[in-house]
Amino acid sequence: MASADNGMNGDGSTSVERVGIFALSGATKRFGGVVAVDGVDFDLLEGEVHALVGENGAGKSTLMKMVGGVHAPDEGSVEVGGEAVSFASPGEAEGAGIAMIPQELDLFPELTIAENLFVGRKRPRTRWGGMDWKTMKEEARRSLGSMGVSLDVGATVKQLSTANRQIVAIARALLGDAKAVIMDEPTASLTEREAEKLFEVIADLTASGVGVVYISHRLEEVFRISDRITVMRDGRHIKTAPTSDLDSDELVRLMVGRELKELFSRSRHETGDIALETRGLTREGEFEDVDLTVRRGEVVGLAGLIGAGRTELAQTLFGLHKADAGEIRIDGEAVKSLSPQKAMEKGIFYVPEERKSQGLISPFPISANITLSILDRICRMGFVKRGRERETAERFAASLSIRGAGMDDPVSRLSGGNQQKVVLAKSLAREPSVLLLDEPTRGVDVGAKSEIYRLIDDLAGEGKAVLLISSELEEILSMSDRIVVMREGKVSGEFERSEADQEKIMAAATGTKAGQTAEVREERT
Amino acid sequence: MSGASTTTTATEHSDGPLKRFLTRPEAPALIFLAALVVVLSVVADGFLGASNFEGILSQVVVIGIIALAVNQVVLSGEIDISTGSMLGLCAMASGTVAVAGGGLLFTLLAGVAVGALAGAVNGFLVTVARIPAIIVTLGMLYALRGVLLLVTGGTWVTGVPAEARVLGIGSVFGVSLPIIVLFALFIVMELVNRHSDWGRNVLAVGGNRRAAMLAGLPSRRVRFWAFVLVGAAVGIASVIYIGRAGSVQTNAGTGLELQVIAAVVIGGTSIAGGRGSTLAALTGAVLIGVILNGMVLLGIPGVWQDAVLGALILLAVSTDVLRRKLLGDKA
Amino acid sequence: MSQYTETSRGFLSRIKFSRELVLLGVLIVIVIAMSLLSPVFLTLGNLLNTSRYFVEIGLISLGMTLIIITAGIDLSVGSNMALVSVVVGFSFLGGVPLPLAIVLGVVAGLAAGVFNGLFVTMLDLHPLVVTLGTFAMFRGLAYGFSDADAVSSFPAWFAYFGQAYFGPIPGQLIVFVIAVAVVWLILSRTRFGRYVYAIGHNEEAARFSGVPVERVKLAIYAGTGLLVGLASVIYISRVSTARGDAGLGLELDVIAAVVLGGASIYGGKGTIAGTVLGVLIIATLRNGLLLAGVPSTWQLFLLGVLLLVAVFLNEFFRKEEG
Amino acid sequence: GAGVGEAPDEGGGEGEQGGSGEGGANSICMMPKLVGIPYFNAAEEGANEAAEELGVDLTYDGPTEALAAEQVRRIEQFTQQQCDAISVAANDPDALAPAMTQAGEAGTATSAWDADVAEDSREVFVNQATFEAIGQTLVDIMAEQTGGEGEFLVVTGSLTAPNQNSWIEEMEAHMEAEYPDMSIAEILPGEEDLQLGIDVTTDYLRANPDTAGVFGITTVALPGAAEAVQQLGREGEVAVTGLSTPNEMRPYVESGTVEEFALWNPVDLGYLAVHVANAQVEGNLPDSGTFEAGRLGEVEMLAEDEVLLGPPDVYSSENIDDFDF
Ligand SMILES: Nc1ncnc2c1ncn2[C@@H]1O[C@H](COP(=O)(O)OP(=O)(O)OP(=O)(O)O)[C@@H](O)[C@H]1O
Ligand SMILES: Nc1ncnc2c1ncn2[C@@H]1O[C@H](COP(=O)(O)OP(=O)(O)OP(=O)(O)O)[C@@H](O)[C@H]1O
Ligand SMILES: [Mg+2]
Ligand SMILES: [Mg+2]
């Protein structure tokens, strides 16, 4: 971990000797009427980490897609190694040494991990011309190993959790001999532990002269690993500066274009009755014997590593899966077989972690997405009341300040952060009494994040019970009244806000210092 | 059938052979096939015998060969329901050449050329003109039958000479030649799928077309050749067809397209693309052959045969549910 | 946000606009071409008469549209039609009063739809696979129950369903127009319709949003079965025979009409207006070619080619790449 | 829906110049069960021959698949075109009845050939051979080859074809009366698909090796049955006969798999049908006795509404080369 810091925070002087890998100049990209990127200059040097930051929809991904061969710039030029290029496909960019880990993961669910790494690449061949599966697997294992992960490379990708898919996507980009690696929010679905591994990998890469573009909304990461930072806002280039010349407040101000008071907003509220309670809830192979309570007006944080079973638990509470054993009580009343419809009747709502595949109907207009879960309330005799629908959608879109497109535009037009707000708006429109939030700020910019945090606080203030699943420790620590930690499907620790700190949670999540966590648990019972 | 299982991809994973087997797409169909064979051996006289097995296999050769190719199209995320009319057209072409004394080679060439051409039209319309495959091949189902009727004016080809019928009724070392052709093509397809870039790309394109494009795969070219392959396979099948039948009628192959699709999907290849195997197509074809044969042996009245066939197809695909249960709802 | 209010013309209005307009253009071109080829074609009598042939396909296409929007398919509709025919015909022959026999038939169609729906939802099998099975099964049941015989001794009043005219208008055309209006309302105006599109675009997200995915799908397959029942009664009455080979090959015509109408087999896309245009285009082609005295062998070929051309134009003018 | 109404059907007040109309030649619209098969091509040949002779205007068209619903559509079409006579080979007697009745009401002369429609919906049926004659001929051929005993398989075109079912009834009746040791053990459909015909025959003969003979009673079923027997190498052991065309059967007659088979002459049938239709239009079709039909000479009126072509022909290696259809 320590190595991540070594020699990475380049000061201006070292970058002088470095050679440019690629450069964009005056790059402009329009989608219909929207100017996503507007005359931006950007360059990457050998052996540096160049962070690219900005609010959701600032144009970061679009800018990098122009280097990665996904989009061709409408204006401006792309140069690689000093020569102007125009890539027709990401494959060509890869051939020129530019690898990209896209924000929206695109893997082949039915293919094995090993094979996913080799799609579109030259596959190794045996002497007699057949495919050399052994070598492919070895290389795959090696590539994953460098991330400190050991997965069965013969398993299909569809069996993997989101986090592991992210790791496979990273491994895929690292497999070739890339001169530049573009990472578009690689840590969005990683927990801190895997993120640390990634930083080690990045350090190794830069040490061998590879340049890394690092896009992230986690600013502390940006400060830790980058040499230079470029800020974008509304598609325009705002500033490029050595990391050492910037501080956090300054960066946020550049990104948002105004002062941002406080990221986390959390006030104490009176907690009320128990709204949601589980007793010995078990689903084989996913989680076991989970006791959990969430009171009205309380925010309970649920922490854990990848595959700890938090998502499964939350989805079971929403009736998407059936529990094998145990009991779920809502407002003190035990509920038998739950379905999402029934859970919604009981006032529970779940905000999924994967917004693209689980949260949104992408081609639907924004308004239809927001009202999808409350159609029963805005219908008369089954007919949708357009006026009510419109009014409701606009109210919630405004209260979450969803920006970037009109109510009738497909939600796919929005940037990631604004899409996430639509998912949240959908859940708020339902006016649930128990809200299960699964990674609600994944891939969301600081501005939007602080709005979401304020929203969570407001919800608790209104007496709602909130279960907050998050892999960002800081978020969990700052937002929760109480923190429950899961490990390998079991509850491995529970802390009041006052007694919790980063170390204790990590210990409970990883199983080190088991004695200590056990003690904590006993205290509480 | 034993030939099939030995040539299957030796699964390279070591852990839990049963579970590994169950995750294979063709597993449910194989299990069902095995169960059916056991049941029929007990209840149907004359089922358990080398000559009957050979009979079943030779009856599924035409469907089987076409299914092996359509399997590739389905794996690539497309569909081809024009094979019935295509078979009619190819059989008419190869039959005409055969009757004109073209010998086996030219007969085969004629069938394959006509098939590949029709397949190329399908492929062109799907990948270049971007018309959905189900519409293209539906249109071609009508159009090719129309071409056939127009070209022949409704006359049938009869009296195909013996030398051109070898592929249909010949035998080598006591094994009938069409069966050998079927298994040879099965092995070829298995090798293509495992060891050629095209074979792997078919799976990738079918599994996630967007990702395939981002990974720089030539998605159109991959799918185009899958359609051409179907045409070529139909061409080969047509020579077996005229070999077995000895003559060709203008309605040859009517309804074949659905049987072929049935074979592919019952075998376990996912109609959504990206998931499946060569063995699945073969298993599906054999399964249909066994069902049809079993019904005749059991003396099920002709009027009820479709009902039994349909029910058994449903039963066969429901085996997949059992598999999913066993694997704990994943996959 | 309020500046967008003006542009709103309704749900998914923009995409619909261009698509259906192109189809309408195709239809007009065909109508003009056909009336040049045959003077009889563009007469009210002929047009109304033609309508008698597409009503059965049209009715079933309405249900199929919803199925295809949810990324499903139903290959069994033709066989289901045979089943309904046989149930009506043979229960009548067996002594059941005809009105009751008709009800029994429609119920059989509904039951067949429910059967499909249950397999698709409860066992989570792909609809193509399920209906490929029922495609064979329903037809087999029809042959089995009827022992491959036909019934045609229906009383005269039964002809009403398929042969009656109200003034110049064939009775079944009125049934069709009503059915179109109802299904159109359901699909474009109701919660149910919204669910149908949501499932088609992203079934998982729909489920996560609390959409009762299974119930909606079941209802769609059942509803299609019901429409098949209705269409069958009209069909039996029109040809005054109930027999196991009714509806042979019907499924392909229905699917062709729906997909021509712009529904995407990948789900999410499709409208009732499009489907009706698709039905009209195919019916017009068939009738026009027949009237123009084009030999049947040519008709088959031209139908295939024109179908491709129409879809190609449709795709070509499509604004957005899905 | 559109509004104003003339009568929309009823032969078409507005079908101005659909047919060739009065004054000119008679127009005869003739429909086979389906187009694109040699049998009906042969019939067309005969029909054309007669049309030329008589100077009538002949339209010969039908569906590409043997579907009754498709025929209904065409009959209504013919009616709109104001044909003077319509003659159909019906895929379903009852399904075509309403359309034929309507045509008759519109003043068109109606008749059926090859396969009848419901009696009261047409004026005349041109019968190629009686069910009885066919059933007896086939059974007699088979009895001669098998010594009048054994169990037999019948391969039909489709289980729903009424004329085929009637033949089978007559065959059974004839066996019962004349050859009590012969019986039909199974009836299997070949669905007019050659390959399927071969397959069902093969399967059946494997399962029932004692079968004495196979009847293939359509032009597709018979060659299928013959091919199956040949492929099983059981020529001579399993007798094969049935109904098919000489061209189709030539290889099997030459190889000896099939000794004799039967069929009426489809060219003559088409020829006769046009003569009858023309006589209807001219109003000179007799009620009984015989009817003068061109080169066929006098043909028998079986009833006032039924004309008979004659007994079926029996083909064997002796005479098969005299025919080309
Ligand atoms: N394919 C596209 N079609 C239309 N608009 C697009 C497309 N891709 C991006 N946009 C628009 O371009 C703008 C920039 O989007 P981009 O994805 O580059 O933002 P970003 O900075 O990466 O945001 P985030 O942090 O949320 O990922 C947004 O307004 C977005 O809606
Ligand atoms: N390495 C893996 N291989 C296969 N399946 C896995 C793996 N990791 C996780 N899973 C699946 O995910 C389930 C639990 O993950 P879940 O997503 O519920 O946990 P989580 O705590 O929410 O983690 P995450 O932060 O990834 O969301 C496991 O039971 C398993 O089914
Ligand atoms: Mg982005
Ligand atoms: Mg999770």
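Here is how names work: the chains are called A, B, and so on, in the same order as the sequence lines, proteins then strands, and each is numbered from 1.
No part of B/Ala252 comes within reach of chain D, as not one of its non-hydrogen atoms sits under 4.5 angstrom from that chain. Proximity to chain D is limited to the side chain of B/Asn251, based on heavy atoms less than 4.5 angstrom apart. The contact between D/Gln231 and chain B is made entirely by side chain atoms (from C-beta outward), counting heavy-atom distances below 4.5 Å. With a 4.5 angstrom heavy-atom cutoff, D/Thr219 touches chain B via backbone and side-chain atoms both. For chain B, the nearby parts of D/Leu194 are the backbone and the side chain; heavy atoms of each come within less than 4.5 Å. Neither the backbone nor the side chain of D/Arg250 has a heavy atom closer than 4.5 Å to any heavy atom of chain B.
For B/Gln305 (side chain) and B/Ile300 (main-chain N/O), a donor-acceptor pair under 3.5 Å exists by modelled atom type.
If you run side chain to side chain donor-acceptor pair (under 3.5 Å) between D/Tyr252 and each of D/Glu259, D/Glu227, D/Glu235, only D/Glu227 comes through.
Ranked by non-hydrogen atom pairs under 4.5 Å with chain D, the options B/Val160, B/Thr254, B/Val157, B/Leu297 are led by B/Leu297. The choice from D/Val220, D/Val35, D/Asn208 that makes the most heavy-atom pairs within less than 4.5 Å of chain B is D/Val220. Annotation: maximal heavy-atom pairing with chain D below 4.5 Å, among B/Gly49, B/Gly246, B/Ser247, B/Gly146, occurs at B/Ser247. Heavy-atom pairs under 4.5 Å with chain B were tallied for D/Leu196, D/Leu188, D/Asp203; the largest tally goes to D/Asp203.
Legend: side-chain hydrogen bond (donor to acceptor under 3.5 Å, both in side chains) pairs involving residues 233-242 of chain B, not counting sequence neighbours, sorted by first then second residue: B/Ser94-B/Ser238.
For D/Phe40 and D/Trp113, the ring centers sit closer than 6.0 Å to each other.
Interatomic distance, CG of B/Leu138 versus CG of B/Asp80, reported as 11.0 Å (0.5 Å rounding). Atom-to-atom distance recorded for D/Ile187:CD1 and D/Met171:CE is 8.5 Å, nearest 0.5 angstrom.
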### Task
Take D/Leu243 and D/Ile134, measure what side chain to side chain contact (heavy atoms under 4.5 Å, CB included) needs, and give me the verdict at the end.
CA-CA 9 Å; D/Leu243 302 167; D/Ile134 289 174; 4.0 Å; yes
